K.L.:
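First the structure, which I've put down as structure tokens, then a few questions once you've had a look.
Chain naming here is simple, since letters A, B, ... match the order of the sequence lines and numbering starts at 1 in each. Because the structure is a prediction, the values reported are computed rather than measured.
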Amino acid sequence: MYRNKLKEIENKSTDFWNKLQINKSEISNKEPYVILDFFPYPSGFGLHVGHTLGYISTDVKARFERMNDKNVLYAMGFDSFGLPAEQYAIQTNQHPEITTQQNISNMKKQLKALALSHDESRTFNTSDSDYYKWTQWMFLKMYDSFFDNIEGKAKPISDLVEMLDSGKFTVENGKLYKASNSVKSINKDKEEIISSMRLAFLEEVEVNWCPKLGTVLSNEEVKNGLSERGNYPVEKRPMKQWMIRITSYAERLNKQLDILDWPQNIVSMQKNWIGEQEGTEIVFSTKKGDIKIFTTKPQTLYGVTFLAISSKHPVLGGMKVDENKFTNIYAKHPITNEEIPIWTADYVYSDYGTGAVMAVPAHDQRDFEFAKENDIKIKSVLKPDYKWLEENYLGSVKQSEIMLEWENNPDKFSSAFEGRGNLIDIEQFDVNEFLSINKEKNKVLEHLLDKGFAKQVKMFKLRDWLFSRQRYWGEPFPIVYDSSGKVFPICEEELPVELPKQHDFSPREGNDPEAPLGRSADWKSVKGSIVNGKFTSKVGNEEFTREINTMPNWAGSCWYYLRYMDPTNKMEFISKEAMEYWSSSKVGAIDMYVGGAEHAVLHLLYARFWHMFLFDLGYVKNKEPFDKLLNPGMITADAYKNGNDVYIDINDVEIRNKKAYQISTGELLVIEPGKMGKRYKNGIDPQDMCDKYGIDVFRLHVMYMAPITQTRNWNSDNIIGMERFLSKVYSKISSIKLLDTDSDENLIHKTIKFVTKEMEEFRFNTAIATLIKFVNDSDSISLSTGLSFLKMLFPFAPHLSEYLYQLHRNNLSIFDEVPDQHKEGLDSDLIDEIKNKSICMSKWPEYDDSKTKNLYMEMPITINGRLRDKINVPVDLDESEIEKLVMDREKIKSFVAGKNIRKSIVIKKKDPKDPDRLISMICNLVI
RNA sequence: GCCUCUGUGGCGGAAUGGUAGACGCGGCAGACUCAAAAUCUGCUAUUCCUAGAAUGUGAGAGUUCGAAUCUCUCCGGAGGUACCA
């Protein structure tokens, strides 16, 4: 019986594989296939069943592709730097280096227990100095590069110097322009221009400061004013920090989303985040300088009655002005030349758009409310429909006069009209020119553009990437400062800049940012000198101080997938050879990337940017990192709360009649479905499941529960079905005798055809269903068919498949002693294959297409879409013959009697899945 | 509010324009057994019920000979996002 044999089966197979080292992959002349899971951080809490969905699915696919003769790169390293690792260390009062090591080895053990076929020789951790050396190296490359906005790609700073020296280019506001021929020299300091162009740069910016975490966070790490990790309050404050100019890539990041094979929701989340918007930039002049505003509704320009700016807008010249106050500055309206007041407003953000808004209170609700509160004039520009006018009018006039009221007294309405409408007749414009909405918009725009008041621009919501963290457990920056605070990169030869081992590594909570690395005085100050603009400690004796912030944990995960291709290279982050071999020939370098949607705008955006940068510099050959992306669904589970809102461990819960009771107290508990996690005390340990049912059964169950992308509630009731399945497999396959024949010769061919298709497209639940059906439907199985079946089962249930494969291998060696006449009818290739190899090394079974088709088939007959009868016909019978047969049937006659047949159709089913050629006949009746 | 996804038996789910409910769980009946478990066999959408028929994929309309599948409107659920100019 399968259950009694379970341990024997698992041990035998595992031992066999360990001897063969089957998971190792080397560069060869085979076609490569790279499949990866998202980089895991080694959590101190270990894996729960929720994590296994993605991991098992990549393993299944990796095993399948190996059997299809692909050279599969399937490895797993650990994202060991960063907040989660550090916080766990703080909580357990240990050094992160120690906890990280412990957690990694624990996690490796758990992964192994699931029989994942990773190439273990390719693993590494982001906190290994051999690895972060290259993260630092890439940072230096960014520091030493700029974005050429004319060509749309990054280039070395030396190119910029050349371009500027040639006199053919100038730089304005961080952008490169072709110089008009007269420009020869640059007025501004060249060095200043260069530093304004670097892709990695230091800047005083409004940052998201999280006092509780004691560090700043990037925009992507803040949600609803709370930190993404831990849900702590975040506040804005100015700080000088390292930034990465990801905004230079906004256009490419946005556009290339369309050529990726990614789930639609991830694509649209990224698009939302990048936030490309076409609009108009309009300049208002003031005595203190120009104010640029960005608008998507330039046609309402006439209705501007004030400008709303952020309280940090440069026009204030650093003057401290409270929010929602009049600034005593006026701007000139570009059309009417009216003086319009400038107000600071709390709804205008300094880091969004231009930090200034043209306020049109008649047509923008926020402007409307602000105007009402501060007694500012309201001027209507667009005509609403009458329904809106009636619903929003506060006074009482005759219906016929309501439009006139809107035109003259828009403040008598309860809100702004934000919809579309025709322009009200304004002296500068002839209203007849503005017949349609689009035309109206374009006419005003044309006028503005003509007069030079405005230009059409693209704006992006994406902000530059804040790259400094006031934490200990991260990559140190390869940067030093001289005594005057000037920045110098450390020369490449002296990388890595190793993280000092310090005991007091905790962040300081509170309002005064203090980077922990500052406490390592010995490490912080270094002696050396500047050679060719770079710091070296090899010569000189000048005093320098190191940058004491560290990089965010997203840094290391931006390029780890490339390192799997060449994990131990000391000379380069990846060799050209390894990069060329493993990178796919598709859009993205990695064939298949599997991981959760929670990283949609964090890791996946940063990594795409990072890859594009490496691409521009010629280090990688693909435009994008990840070709195909798949989000496995979550596994949710019920959590249980008692009357005091305290979560009760699931091991202390008993379910009776769909109600939950605490075992130890007998208390009735509240059931709360949701994410699995430590804090909900509802995590289910995969190890428990594997101990109870076996690894193979567990893997099958997880894959069979639902389609891979679907979120599902954990339920171990159904797992028994998979045990029954393997039990049947065990008894049917192990008892096959050499000369057994198939009860249905075509069944295996149909099964292979269908399962292959499903495996290719990650539909493992239906692949398993087909395998179950095969076992249920076959009474007798030949050896060759049995082996084909085992190969299909292998990716899901490797232990049992290998065990049974080897069982027959042993039988075959006995068979060698048998006289030749008894061997007749057995495939000699098959005998060789099975005798010498593990099932891992066998080929995925092939099918004979002619055997997937039946000679006869049962064809349903429908009349007006209703199933009325079925008829058994030869598959290749022609349509008119079928029609005759159908019309002859008594049943059909009775339905058709007295009616005209308007049309009859014989449907041929489009192949791929169903082997049957014909499906249905429809007689349409006209009554 | 906006964007994306989603809604099928008692439950997980099949079926992507052509026989709705594959496969699994659960349930019912039978076999084996002194008995139970395990296993095996059959049945299991609903209603009238012998046959046979009618109804049925969140609700309503539409396209079609034919719709779970395509289109529109509405309702419910999940995720994302927002004083976004």
K.L.:
Searching all strands shown, indicate the nucleotide that pairs with B/G21 (Watson-Crick or G-U wobble; both distances under 3.5 Å).
P.N.:
none

K.L.:
Which part of the nucleic acid, if any, lies within reach of A/Gln365 when heavy atoms closer than 4.0 Å are counted: base, sugar-phosphate only, or nothing?
P.N.:
nothing

K.L.:
Remember a base hit wins even if backbone is also touched, and classify A/Asp364 as base, sugar-phosphate or nothing at under 4.0 Å, heavy atoms.
P.N.:
nothing

K.L.:
Scan nucleotides 39-41 of chain B against the protein and return all N/O pairs shorter than 3.5 Å with their distances rounded to 0.1 Å.
P.N.:
{"unit_1": "B/U39", "atom_1": "OP1", "unit_2": "A/Arg724", "atom_2": "NE", "d": "3.4"}

K.L.:
Assign the ring pair A/Phe306 / A/Phe370 to parallel, tilted or perpendicular, where the plane angle (0 to 90°) is split at 30° and 60°.
P.N.:
parallel

K.L.:
Could you let me know what B/A51 is paired to, Watson-Crick or G-U wobble, both distances under 3.5 Å, or none if it's on its own?
P.N.:
none

K.L.:
Who is the Watson-Crick or G-U wobble partner of B/A82, with both distances under 3.5 Å?
P.N.:
none

K.L.:
Any strand is fair game: report the nucleotide pairing with B/A35 by Watson-Crick or G-U wobble, both distances under 3.5 Å, or none.
P.N.:
none

K.L.:
Among B/A85, B/C3, B/A14, find the nucleotide with the atom closest to the side chain of A/Asn765.
P.N.:
B/A14

K.L.:
Given B/A22, B/A85, B/G24, which nucleotide is nearest the side-chain atoms of A/Asn718?
P.N.:
B/G24

K.L.:
Which nucleotide in the list B/G80, B/A85, B/A82 gets nearest to the side chain of A/Lys461?
P.N.:
B/A82

K.L.:
Go through the N and O atoms of the side chain of A/Tyr349 and the base of B/C83, and report whether any donor-acceptor pair is under 3.5 Å.
P.N.:
no

K.L.:
For the side chain of A/Val357, starting at C-beta, report the closest nucleotide among B/G24, B/A85, B/A15.
P.N.:
B/A85

K.L.:
Rounding to a whole Å, what distance do you find between A/Arg763:CZ and B/G12:P?
P.N.:
21 Å

K.L.:
So if I take every side-chain heavy atom of A/Ala706 and compare against B/C23, B/A85, B/G13, which nucleotide ends up nearest?
P.N.:
B/G13

K.L.:
From the set B/A85, B/C23, B/C25, return the single nucleotide nearest to any side-chain atom of A/Arg366.
P.N.:
B/A85

K.L.:
Where the side chain of A/Asn265 is concerned, which of B/U4, B/C3, B/C83 is the nearest nucleotide?
P.N.:
B/U4

K.L.:
Provide the Watson-Crick or G-U wobble partner of B/A61, both distances under 3.5 Å; none if there is no partner.
P.N.:
B/U71

K.L.:
Over how many whole Å does the gap from A/Arg712 atom CZ to B/C25 atom C1' extend?
P.N.:
15 Å

K.L.:
What nucleic acid atoms does A/Glu369 come within less than 4.0 Å of, heavy atoms only: base, sugar-phosphate, or nothing?
P.N.:
nothing

K.L.:
Need the pair for B/G76. Rule: Watson-Crick or G-U wobble, both distances under 3.5 Å, any strand; none if unpaired.
P.N.:
B/U6

K.L.:
For A/Pro263, answer base if it contacts any base atom (sugar-phosphate contacts may also be present), sugar-phosphate if it contacts only those atoms, and nothing otherwise; contact means non-hydrogen atoms under 4.0 Å.
P.N.:
nothing

K.L.:
Between P on B/G79 and CG on A/Leu604, what's the gap in Å once rounded to a whole number?
P.N.:
19 Å

K.L.:
I need the CG-C1' distance between A/Asp777 and B/A22, as an integer number of Å.
P.N.:
11 Å

K.L.:
Can you tell me the pairing partner of B/G26 across any strand shown, Watson-Crick or G-U wobble, with both distances under 3.5 angstrom?
P.N.:
B/U44

K.L.:
Would you say the side chains of A/Trp554 and A/Glu221 form a donor-acceptor pair under 3.5 Å?
P.N.:
yes

K.L.:
Listed by chain and number, what are the side-chain contact (heavy atoms from CB on, under 4.5 Å) partners of A/Gln264, not counting sequence neighbours?
P.N.:
A/Val267, A/Ser268

K.L.:
Quickly work out the A/Phe774 CZ to B/A22 C1' distance and round it to whole Å.
P.N.:
17 Å

K.L.:
How about A/Asp638 and A/Asn682: does a side-chain donor come under 3.5 Å of a side-chain acceptor?
P.N.:
no

K.L.:
For A/Tyr693 and A/Ser716, which I'm curious about, is there any donor-acceptor pair between the side chains at under 3.5 Å?
P.N.:
no

K.L.:
Round to the nearest Å and state the distance from A/Glu276 atom CD to B/U81 atom P.
P.N.:
20 Å

K.L.:
Under a plain distance cut-off of 3.5 Å, with no hydrogens placed, do A/Thr636 and A/Asn713 share a side-chain donor-acceptor pair?
P.N.:
yes

K.L.:
Looking at B/G24, B/A85, B/G13, which one has an atom nearest to any side-chain atom of A/Ile772?
P.N.:
B/G24

K.L.:
For A/Met634 and B/G80, what is the distance between atoms CE and P respectively, to the nearest whole Å?
P.N.:
9 Å

K.L.:
Across the strands shown, which category fits A/Val348 at heavy-atom distances under 4.0 angstrom: base, sugar-phosphate, nothing?
P.N.:
base

K.L.:
On the nucleotide B/U6, are OP1 or OP2 found under 4.0 Å from the side-chain N or O atoms that A/Gln710 carries?
P.N.:
no

K.L.:
Ignoring backbone atoms, test whether A/Lys773 places a side-chain nitrogen or oxygen under 4.0 Å from the OP1 or OP2 oxygen of B/C23.
P.N.:
yes

K.L.:
Please check this pair: side chain of A/Thr305 against backbone of A/Lys377, looking for a donor-acceptor N/O pair closer than 3.5 Å.
P.N.:
yes

K.L.:
Pairing donors with acceptors under 3.5 angstrom, does anything connect the side chains of A/Arg608 and A/Gln270?
P.N.:
yes

K.L.:
Without decimals, in angstroms, what is the distance between A/Lys750 NZ and B/A22 C1'?
P.N.:
14 Å

